[in-house]
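Below, chain A is the first sequence line, B the second, and so on; all start at residue 1.
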There are 2 protein chains.
Amino acid sequence: MTKKNTPSRNENRGVTIADVAKAAGVSIPTVSRILNDKEYVAEETRQRVHEAIRTLGYTPHTQARRLRGGATMTLALHHPIESPHDLSSVIETSYFTGTAEAASEKEYFINFLVSQLTPEALLNMYRSNQIDGIILLQVRMDDWRVNLLRENNYPFVMIGRCADLEDLSFIDLDFETAMVAAFDYLVELGHRDIGFLTYPQSWHKTGLGPAVRSLDGYQHALSKYGLRSCYREIGLNSVEEGFEGTNDLFRENPELTAIITVSHLTAAGSIKALTQHGRNVPQDCSVMAIGFGGNFASVVTPSLTTLEWSPYEVSYRATILMTEKLANELSSAQQILVPPKLIVRESTKEVT
Amino acid sequence: MTKKNTPSRNENRGVTIADVAKAAGVSIPTVSRILNDKEYVAEETRQRVHEAIRTLGYTPHTQARRLRGGATMTLALHHPIESPHDLSSVIETSYFTGTAEAASEKEYFINFLVSQLTPEALLNMYRSNQIDGIILLQVRMDDWRVNLLRENNYPFVMIGRCADLEDLSFIDLDFETAMVAAFDYLVELGHRDIGFLTYPQSWHKTGLGPAVRSLDGYQHALSKYGLRSCYREIGLNSVEEGFEGTNDLFRENPELTAIITVSHLTAAGSIKALTQHGRNVPQDCSVMAIGFGGNFASVVTPSLTTLEWSPYEVSYRATILMTEKLANELSSAQQILVPPKLIVRESTKEVT
DNA sequence: ACGATTTCTGATAACGTTATCAGAAATCAC
DNA sequence: GTGATTTCTGATAACGTTATCAGAAATCGT
C-alpha cells in the first residue's frame, strides 16, 4: 500500500458497519437499525450485534453519516475582527468554551472563525456544506452578516442585536434594566450624584459591544429618581481613558459621590484618578464597573463592585438556541434578554 | 417536502457536480478533474466548466469530499481541564486563535475540546473519523493522552514535553535558556542577589505549566555567575501568593535587589509586598515576571519587565507541525524549542 | 385452521465526490 | 500513411452510511 519506510498510520482501514454485519451474521441495514435505535429488531439479534460491535471496537464513520444524513452537524462561531491578533481578552476564552460546551452536549461540532471573513466566504460555508448554522458575535445595528444571511435564508443566531429584528433569534444583555438596578442599589446607599463614564454615543447607536444600551438605562434611572445627568464619553477601554475621563467628570462635577464605568479597566483608571486627588474609594467616592465575570474585579484594590455578565452563559445559550432552531424545535424566533447581575464588592459604600 | 408552515431552509437541495456537468455538457469526472487541477484537460473544456461553475454558484460538498478522500481535514486542540469553567485566562484565547488561524491557512477545520475527555472518547475521535490528528496542550511528564495515542499509533503533536520523547514531535518553551538571558540582563545592571519565586518543585518534576524548567534555568544561571541560590515555592498563580512569597523571601534574605517571579499576578503581589515594606520598585528592588504576552504587564504600575512568550505563536506553530505531519512532509519527529523574549519595561533598574 | 396483522430482516438505491480504467481523438515519429 | 505515443474524456466503482421497499416469519383474531 504505502511505502515500507513511511509506516502508514492506518494499518487497518478501520472497521466498518459491513464488518460488524458479517461478524454478527446479519445484513448491513440491520446493524444500522440497531445503531440508530429503530423499532422492529429482535432482542436476540440486538444482543448479537452489540456483541460484535464491542469485540470489533466499531464506531460509526462520522463523515459518512454526515453525507448520508444531509446535515453537517457543525456550527460556526464568528467574531468580526480584522486580525486574529485583535482577540486578546479573556472574554473570548469564555465565549469559546461556552459555545464548545453547548455544541458538545448537542453532539455538534463547532468551528471558530477568527480570520477575516468575506461575504463570499461566509456564503460558501453554507453552500459547501461545512456548517449548518452560525452564531454571530458582536452584532451591530447594521450588520452585513445579518443582511446577507437573512437574504439567503441561511440559519443563524445572534449574540447582540441589530435593527429590524422581529423575525430573528438573538440573545443579548439587558443593560437597560441592569442600570436601573444599579441605581436602586446606589440610591439606597444615599447617593444622589452619580456619574457615568461610557462609550461614545455613536457606539451605542451602532450597537457596538455588550454594554450597549447602558446609556439608555442610565437615563431611565435618572428620570426614575429625578437625578441630574452627568456622563462623559471615553474612547477606548483602557486605564488611561478611565483616568482622564474621571478627571474630566470631577473638574465640572466635584459633588459626585459615585461613578459607574463601562469596564473594569476604566474603573481601575477611575480609582487611580480619585486616589490622586485625595479621594479614597469607597470612603469618599464609590466606583461601580460594568464587566464580564472574570477575576480581574477581585484582583484590583479595592475589589470592584460590578454589574456582571457571563460570556460563557450567553454563548452557551446562543449555541443551544442554534441547535434547537436547526432541529425545528422553535415555532418562532426566540429573543432572549439576559439581565447582568449586581455583585457587591469593596468599591462601593453608603454616603457618610 | 416539508410542511407548508415550517418553511424549509433548503429550498434548493444545493447545486452538485452533476448539475455543473450537465450545464457544461461534460461528464462528472471531467468536472472533478478540473476542480482538482488534474492534468489532461482541454483548455476549452476548462473554460466552459468554469463558466458553468460560476453561473450556477457551485461549491464542492465538503462532507462528500471527506468521505471519498479518506481524511477528515479536521484537527482537535485538547486542554486537559476538569471543567470548561476552569478556562478563564486570556492565554486560551491566544491558544485558540493561533490554532484556528494556522488550521484555516492549511484548510483544516479545528475542534476545541474543552469538556472532560475520557481515554475511550479520545480514541473514538480517531476511530469514528472525526479528526485526523490532535494537538495536546499542557502536556505533563507522564501524560495518559500521550501514552494512549502512542500505543495506538494515532497522529498527535504536543505543546509541552513529556518523558521519553525521542520519536515524538513537540513545541515547547525554552525557559532554561531564557532564565540565563534574564540573569545576563540583571547582572549587567549590577544585581548579585536575585531571588526567584516559583512553582513547587513537584510541578517542575511533573511538567505542569509553561514555565517548567525555569527552575533549572535559574540554577544554571546561578552557577554561571557564581551567585547564591535563593528561591521560594508558591502554591498558586495569584496576587496573594506573590505577596506572601515575597514577604517570606525578604524575611530571610533582606539583601535581595531583584526578584524574578513566575507570573504576572505573582509579580503584582511582589510589588505590593515590597511597597508595603517601604521598598520602591524599581528604585530599591527590581521585579521581573515570566508571562505570556498579554497587556497585563503594561497595565500594572510600574509596568513589568517580563520574560515573555506567545501562546498564539506556540499553538500556531504546533498546528502547522500537525498538518505537515499528516501530509507526510516530515521525515522525522520535530522538536521545537521557542525562546521566550526579554521585554524591558519599568519594573527593573540598575543597582544604585 | 385460515387470513390479517404485526414483527423482523435483507436487497437495493441513494448521498456527492474521486480513482481507476479503458476507449476515442489528436499528435507524433519516420 | 502507418503505428506508437500523447492527450482528452466518460463508464464504472468505490467511500460508509441510512431510507425505502418488499418479502419472510411470527403472532393474532375468530
Exercise. Does B/Asp142 have any side-chain contact (heavy atoms from CB on, under 4.5 Å) partners at least two apart in sequence or in another chain, and if so, which?
Worked result: B/Asn147
Seminar exercise, completed: With the side chain defined as heavy atoms from C-beta on, A/Leu67 is closest, among D/dT18, C/dC15, D/dT9, to C/dC15
For this session: Please list, chain by chain and in numerical order, all residues satisfying salt bridge (Lys or Arg N to Asp or Glu O under 4.0 Å) with B/Arg140, sequence neighbours excluded.
Result: none
For this session: Starting from P on C/dC21, measure out to CD1 on B/Ile28 and report it in whole angstrom.
Result: 20 Å
Seminar exercise, completed: Against the side chain of B/Arg65, the closest entry in D/dT18, D/dT9, C/dT17 is C/dT17
Exercise. Side chain to side chain donor-acceptor pair (under 3.5 Å) between B/Asp132 and B/Thr72: does it pass, once the steps are laid out?
Worked result: CA-CA 6 Å; B/Asp132 294 333; B/Thr72 67; 2.9 Å; yes
Problem set entry | Sequence-distant partners of A/Glu151, side-chain contact (heavy atoms from CB on, under 4.5 Å), two or more places apart | none
Exercise. Which residues in residues 57-64 of chain B have at least one heavy atom lying under 4.0 Å from any atom of DNA chain C?
Worked result: B/Tyr58, B/Pro60, B/His61, B/Ala64
For this session: With sequence neighbours excluded, give me every ring pair (Phe, Tyr, Trp, His ring centres under 6.0 Å) pair touching residues 106-135 of chain B.
Result: A/Phe112-B/Phe112, B/Phe96-B/Phe112, B/Tyr126-B/Tyr154
Problem set entry | Side chain of A/Thr30 (C-beta onward), nearest among D/dT17, D/dA19, C/dT9 | C/dT9
Exercise. Please give, in whole Å, the distance from C/dT7 P to A/Glu44 CD?
Worked result: 18 Å
Exercise. Between A/Ile17 and B/Ala42, which has a closest nucleotide on DNA chain D that is more 5'?
Worked result: B/Ala42
For this session: When you get a sec, tell me which of D/dT17, D/dT9, C/dG10 is the closest nucleotide to the side chain of B/Thr45?
Result: D/dT9
Problem set entry | From C/dC8, C/dG10, C/dA19, nucleotide with atom closest to A/Pro29 side chain | C/dG10
Problem set entry | Verdict with supporting geometry, B/Glu329 and B/Lys325, salt bridge (Lys or Arg N to Asp or Glu O under 4.0 Å) | CA-CA 6 Å; B/Glu329 289 170 5; B/Lys325 188 166 181 171; over 6 Å; no
For this session: Return the value, rounded to whole Å, for the distance between atom CZ of B/Arg66 and atom C1' of C/dA19.
Result: 20 Å
Seminar exercise, completed: Here the ring pair (Phe, Tyr, Trp, His ring centres under 6.0 Å) pairs for residues 14-58 of chain B, sequence neighbours left out, are none
Exercise. Is there a donor and acceptor pair, one atom on the side chain of B/Arg68 and one on the base of C/dT17, closer than 3.5 Å?
Worked result: no
Seminar exercise, completed: If each end axis of the helix from C/dA1-D/dT30 to C/dC30-D/dG1 is fitted on five C1' pair positions, the angle between them, to 10 degrees, is 30°
For this session: Could you check which residues of residues 31-40 of chain B get a heavy atom under 4.0 Å from DNA chain C? Sort them by number, please.
Result: B/Ser32, B/Asn36, B/Lys38
Tabulate below the donor-acceptor pairs under 3.5 Å that side-chain atoms of residues 113-120 of chain A make, not counting sequence neighbours, or state none.
unit_1	atom_1	unit_2	atom_2	d
A/Ser115	OG	B/Glu101	OE1	2.7
A/Thr118	OG1	A/Ala121	N	3.0
A/Glu120	OE2	A/Arg127	NH2	2.8

Exercise. Under the salt bridge (Lys or Arg N to Asp or Glu O under 4.0 Å) test, which residues partner A/Glu51, sequence neighbours left out?
Worked result: A/Arg54
Problem set entry | salt bridge (Lys or Arg N to Asp or Glu O under 4.0 Å) partners of A/Asp172, counting only residues at least two apart | A/Arg161
For this session: Please identify each residue that fulfils salt bridge (Lys or Arg N to Asp or Glu O under 4.0 Å) with B/Arg317, with sequence neighbours left out.
Result: B/Glu313
For this session: Starting at atom CZ of A/Arg46, determine the distance to atom P of C/dT7, rounded to an integer number of angstrom.
Result: 14 Å
